[in-house]
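These notes concern the structure reproduced below.
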Amino acid sequence: MTEDQLFKQRDGSEPFRFDASVAAVFPDMLRRSIPGYAASIEAIGSLAARFVEDGTRCYDLGCSLGAASIAMRQGAAGKRAEIVAVDNSPAMIERCEAIVADEMSRDSVSQSDIRVVLGDALQTEIQNASMVVLNYTLQFLSEDQRDSLIKRIFEGLNRNGLLLLSEKVIDENPAMETLLIDLHHEHKRRNHYSEMEISRKRSALENVLVPEKVSDHRTRLEAAGFVDIAVWLRYFNFVSIIAIKR
Ligand code: GEK
């Protein structure tokens with residue numbers, strides 16, 4: 001795994017983009033930056049085993065290097081579904097294609113294929129879906145785009161289909177928000193990011209990653225039609241939510 005040293009060089013004045021340098025260090029970046037990331041991938045596998053149905057599609061929107069798609073494929077082993085992995089970053093998709101091809105050649109037990117697509121999640125047609133994953137992707141869209149994507153996901157899900165939505169959030173309580181940010185930064189320092197790297201990345205992500213409150217996510221999911229909604233993971237200011245279409 002190549003070590004993420006991006007913000008040792010970059011000063012954070014340029015907005016964060018998912019370019020080739022980010023794609024090259026991405027697994028290390030997520031592992032050291034997002035508390036609970038590994039748990040989210042593990043749960044995606046377990047949820048796929050329960051929710052993926054034969055003859056349906058699964059979507060991984062903002063798939064990056066395909067970790068969630070591979071977890072879905074492994075979890076859904078024995079089912080024949082099509083997993084559609086979409087990302088609008090050419091650098092991510094180029095690497096994702098190679099990783100997915102390798103996974104499919106090594107694991108021939110699973111009968112589900114992963115189709116890797118360079119494209120915008122907002123333009124992706126969602127149909128006959130038993131499971132949709134938005135693992136830390138919605139936070140990069142504008143508010144209007146978030147509303148319309150969640151509505152389209154609801155419409156494209158089959159009855160009893162599952163949406164998994166993971167996000168960075170802000171706390172309702174400003175004092176707790178300060179504490180949670182501080183705990184997150186401490187987590188990053190423990191994972192060998194320096195104070196300078198943390199602060200530069202924070203600047204680069206300003207207005208690029210815009211977190212909302214858990215209650216905003218719940219309101220949006222309910223407005224789209226979801227009734228059964230639960231936060232299943234929270235680690236500092238990172239949450240993962242599951243919602244089932246009834
Ligand atoms: C994982 N889910 O490893 N359409 C498609 N992709 C997009 C869009 C869009 N409109 N906007 C952003 N992206 C992954 C991790 S990373 C999370 C997801 C992070 C893509 C973007 O190119 C990037 O690859 C991904 O969403 C977000 O489980 O870096 O914090």
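Ligands are counted one by one from 1 in listed order, and the atoms in each one are counted from 1 as well.
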**Q.** Nearest heavy atoms of Phe7 and Phe16, plus distance in Å
**A.** CZ-CD1, 3.9 Å
Q. Cation over ring, Lys245 on Phe154, under 6.0 Å and within 45°?
A. yes
Q) Does a side chain donor of either Ser130 or Asn158 reach within less than 3.5 Å of an acceptor in the other side chain? A) no
Q) Ser13 and Asp11: side-chain donor and acceptor closer than 3.5 Å? A) yes
Q.
Checking one residue: Leu179. Which other hydrophobic residues are in its cluster under the side-chain 4.5 Å linking rule?
A. Met176, Leu180, Leu183, Tyr235, Phe236
Q.
How long is the straight-line distance from CZ of Phe18 back to OG of Ser64, given to the nearest 0.5 Å?
A. 6.0 Å
Q) Tell me, which residues have any heavy atom less than 4.0 Å from some atom of ligand 1? A) Phe18, Phe26, Leu30, Tyr37, Ile41, Gly62, Cys63, Ser64, Asp87, Asn88, Ser89, Met92, Gly119, Asp120, Ala121, Asn135, Tyr136, Thr137, Gln139, Phe140, Leu141
